[in-house]
Amino acid sequence: MTAVTAPDGVTGSRTLTVRYTGAASRRGPVTMGQANMIRCILRDEPGTINIHDVWPVPDGTGMDRALDALAALTVRHEALRTTFPDAEGGGPSPGEQVVSAEGAFTITVLDHDRLPEDTDAYAEAVARAARETRFRLDLDYPLRLRILARAGRPVRVALAASHAVTDGSALGVLRDEWLALLAGETLPPVTALTPLDLAAEEHSPAGRRKSTASLAHWERVLRTGPQAMFAEDGAAGTETDTPVLTLRSARGARALAAAARRTGALPGTVLLTAWCLLTAHRAGQSVCVAAVPTSNRFLPKLARSVGTLSQDALLDLDVRAPSFDALLARAWGAAMNAYRHSRFDALDLWELIGRVTTERGSQFARDAVYNDISALPATLAGAAAPDGDAPELELAWGGGQSLPTRLLTFVYETEPVLRLATWADPALFPRVAAEELVTGLVRLLEAVAGADVPLDTPGPLTEATGVRPVARGPEWVRVDGCWIRPAAVAEALAGALDGRPVEVAVEAAGEGPRLTAYIGVSSRASAEVTPDQAHAALMRLLPGRPGVLAPHRYVFVDGPPRQPAGARRILREGTGRTRREMPHDHR
């Protein structure tokens, strides 16, 4: 748990109970965003999945007025009165949300004789500490509130929030309305969709069709794209303890603005394109497959909705283009296609992932993630606090956390400084390499700000950025759009089959190179292991092995696997999976 050192001026803390009434009770199914986020909440550590914010309190605001405003927000927004009664039961997905008409919540007041000089930093630390405790989804009020007071007068509200009912934009809406209430303004009626209204829309025939279309998009990418962006020596495991590298750069902001002016593209599209291009270049891939979380607030009726609307958009951008400008034109369509297909039933998606990866013999790795939250009305609190200065280019290392990704970038601000944080797997990106990657992004923006950059060979991009593609030895081959090591496939399969000798061969086929595993057995009894069983055993070992793809064919032979083809006596063979005819993209 994050420790917060109380300042010398703290005089004590007390807990206040605030009651609310006058609302309506409702119940109904959960939204797709809620189901997706609840699955993460039940799986991940609270410090990584909860969110937080710090709200200012205007001078002269009394404690009673602050409490009344919080009660008014709770009555106004159904999300703040919502629990999920069956979420803690261990089932695959919560089925229902319940909105209460009345109730109570508690607030911790931290009173001080004097507050630290940097009150915002102190409030930020208090809010981050509040994130570390798990919310009970079936019982708890979804805001964990701390009021920092001086001599009984509130000065800041530091809060943690359950991601099941809020996201960064929702906290921004609540912050705006909080300040309006304290200013004595009358809030207009809520016109945005409530979570229950959204759930009804999603469960309608039109909503189900949208979800089906989103799943079809995911299936295409899962079947044809690389199973992992970072399949290379050193990539191992499903979790990495990764430090954060923060960039602040006025140079980067100026270059981004100039590149947007030169190309006529939106700055966000330019930055996304540059990040994808550099990621694919470094990974030695011809396509960038990345999870791009989106808040799904592009519809007016959802723009100011208080709820959690964040789901992954799965972007696949083929970076094989003659120049950056040509790639930029392609990226806009690819991004819009990904965003359009980011509303789906999370349980259906994971069932799809399981089925498709079994059929393909691959493992879906969400190892490249790009999250641009610079346009949100309130980002995830202090990470985007205003700068007192605008450094030309400044890098700062921070603490680490365990992440199921190999490259994660958050964009917090694009002007007047480009501010982003990157978590890069240290096994692949030692500190110098991580810094080269981040500064390489600034250098790429500067290059495309002045002129189009040719991409027909890797040389110009390497020269412009200083970032070189990963070096893979001859033991690495590309099969079915994935970089793999046949020796690693053989080693993993031998382990899955209790040490049976295995040889994996790359064999030509009409649809491209395919893997065949020859498995030696010493007796007919040993041959009773079937191709289906061999495939299932290997699939259980695939997570954390991005250089391993399951063979397309399992051949059990009498005797050792290494023997001339004419001498092999095949005992049993098969694919080990259900084959489904799909177009292949040989990238």
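- No donor-acceptor pair closer than 3.5 Å links the side chain of Arg223 to the backbone N or O of Val356.
- Asp197 contributes no side-chain N or O that, together with a main-chain N or O of Leu193, makes up a donor-acceptor pair within less than 3.5 Å.
- Checking side-chain atoms of Asp480 against main-chain N and O of Cys482 turns up no donor-acceptor pair under 3.5 Å.
- Under the 4.5 Å side-chain criterion, counting only non-hydrogen atoms from C-beta, Arg144 is not in contact with Arg131.
- Using modelled atom types, one side-chain atom of Asn50 and one backbone atom of Thr133 make a donor-acceptor pair closer than 3.5 Å.
- Ring geometry for Trp178 versus Trp55: interplanar angle of 30 to 60°, hence tilted.
- The side-chain heavy atoms of Glu132 and Pro46, taken from C-beta on, include no pair separated by under 4.5 Å.
- A donor-acceptor pair is defined here as one N or O able to donate and one able to accept, closer than 3.5 Å; no such pair exists between the side chain of Glu78 and the backbone of Gly307.
- For the residue pair Ser362 / Thr357, no side-chain donor-acceptor distance below 3.5 Å is found, with atom types taken as modelled.
- Counting heavy atoms from C-beta outward, Leu407 and Leu437 have side chains that approach closer than 4.5 Å.
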Could you go through Leu444 and Trp275, starting from their C-alpha distance and side-chain angles, then the distance that decides it, and tell me whether this counts as side chain to side chain contact (heavy atoms under 4.5 Å, CB included)? CA-CA 9 Å; Leu444 177 56; Trp275 184 89; over 6 Å; no
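- For residues 426-441, the pairs satisfying side chain to side chain donor-acceptor pair (under 3.5 Å) are Trp397-Glu435, with sequence neighbours left out.
- Atom CZ of Arg134 has more than 12 heavy atoms from other residues, nucleotides or ligands within 6.0 Å.
- A donor-acceptor pair is defined here as one N or O able to donate and one able to accept, closer than 3.5 Å; no such pair exists between the side chain of Asn36 and the backbone of Ala346.
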Assess whether side chain to side chain contact (heavy atoms under 4.5 Å, CB included) is satisfied between Asp53 and Leu174, documenting all intermediate values. CA-CA 10 Å; Asp53 204 356; Leu174 292 173; over 6 Å; no
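- For the pair Ser214 (side chain) and Arg343 (backbone), a donor-acceptor distance under 3.5 Å is present.
- Side chain of His281 to backbone of Gly284: no donor-acceptor contact under 3.5 angstrom is found.
- Considering only heavy atoms from C-beta on, Phe230 stays 4.5 Å or farther from Val470 through its side chain.
- For the residue pair Val30 and Ala35, the shortest heavy atom distance occurs at CG2-CB, 4.0 Å.
- For the residue pair Gly544 and Thr238, the shortest heavy atom distance occurs at N-CG2, 3.5 Å.
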Would Asp316 and Arg220 count as a salt bridge (charged side-chain N to carboxylate O under 4.0 Å, His left out) here? Give the steps. CA-CA 10 Å; Asp316 67 321; Arg220 179 187 64 78; 3.2 Å; yes
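- Counting heavy atoms from C-beta on, the side chains of Leu137 and Leu42 come closer than 4.5 Å.
- Between Phe105 and Tyr141, the ring planes are parallel. Angles under 30° get that label, and only those over 60° would be called perpendicular.
- Here the shortest heavy-atom pairing between Ile51 and Gly168 reads CD1-N, 4.1 Å.
- The backbone N or O of Trp423 sits nowhere less than 3.5 Å from a side-chain atom of Thr242 that would complete a donor-acceptor pair.
- At most 12 heavy atoms of other shown residues, nucleotides or ligands fall within 6.0 angstrom of atom CD in Glu415.
- With no hydrogens or angles considered, a side-chain donor-acceptor pair links Asp372 and Ser374 at under 3.5 Å.
- The shortest distance between side-chain heavy atoms of Val548 and Gln363 does not fall below 4.5 Å.
- Among all heavy-atom pairs drawn from His163 and Ile49, the shortest one is CD2-O, 3.2 Å.
- Paired with Cys276 under the rule side-chain contact (heavy atoms from CB on, under 4.5 Å), one option of Leu278, Leu272, Thr279 passes, and it is Leu272.
- We find the CG-CG distance between Leu266 and Leu271 to be 12.0 Å, quoted to the nearest 0.5 Å.
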What's the verdict on side chain to side chain contact (heavy atoms under 4.5 Å, CB included) for Ile41 and Phe135, showing C-alpha distance, side-chain angles and the deciding distance? CA-CA 9 Å; Ile41 289 170; Phe135 284 90; over 6 Å; no
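- You'll find the side chain of Thr191 stays beyond 4.5 Å of the side chain of Lys301, heavy atoms only.
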Evaluate salt bridge (charged side-chain N to carboxylate O under 4.0 Å, His left out) for Arg355 paired with Glu351, printing each intermediate quantity in order. CA-CA 6 Å; Arg355 174 174 57 82; Glu351 289 176 348; over 6 Å; no
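- Put simply, the side chain of Arg282 reaches to within 4.5 Å of the side chain of Glu232, judged on heavy atoms.
- Ala390 and Ala250 make their closest contact through O-CB, 3.9 Å (heavy atoms, listed as atom of the first residue, atom of the second, distance).
- Atom CG of Leu549 is separated from atom CZ of Arg360 by 6.5 Å, given to the nearest 0.5 angstrom.
- Listed for the Arg156 side chain is no donor-acceptor partner under 3.5 Å among the backbone atoms of Val54.
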Evaluation steps, side chain to side chain contact (heavy atoms under 4.5 Å, CB included), between Leu418 and Leu445: CA-CA 11 Å; Leu418 175 62; Leu445 293 173; 4.0 Å; yes
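- Minimum heavy-atom separation, Arg406 to Gly237: NH2-O, 2.7 Å.
- To the nearest 0.5 Å, atoms CZ (Arg261) and CG (Leu256) are separated by 10.0 Å.
- Note that CZ of Arg27 is 10.5 Å distant from CG of Leu196, once rounded to the nearest 0.5 Å.
- In this structure, CE in Met229 is found 5.0 Å from CD in Gln285, a value given to the nearest 0.5 Å.
- Here the straight-line distance linking atom CG of Leu314 with atom CZ of Arg366 works out to 10.0 Å at 0.5 Å rounding.
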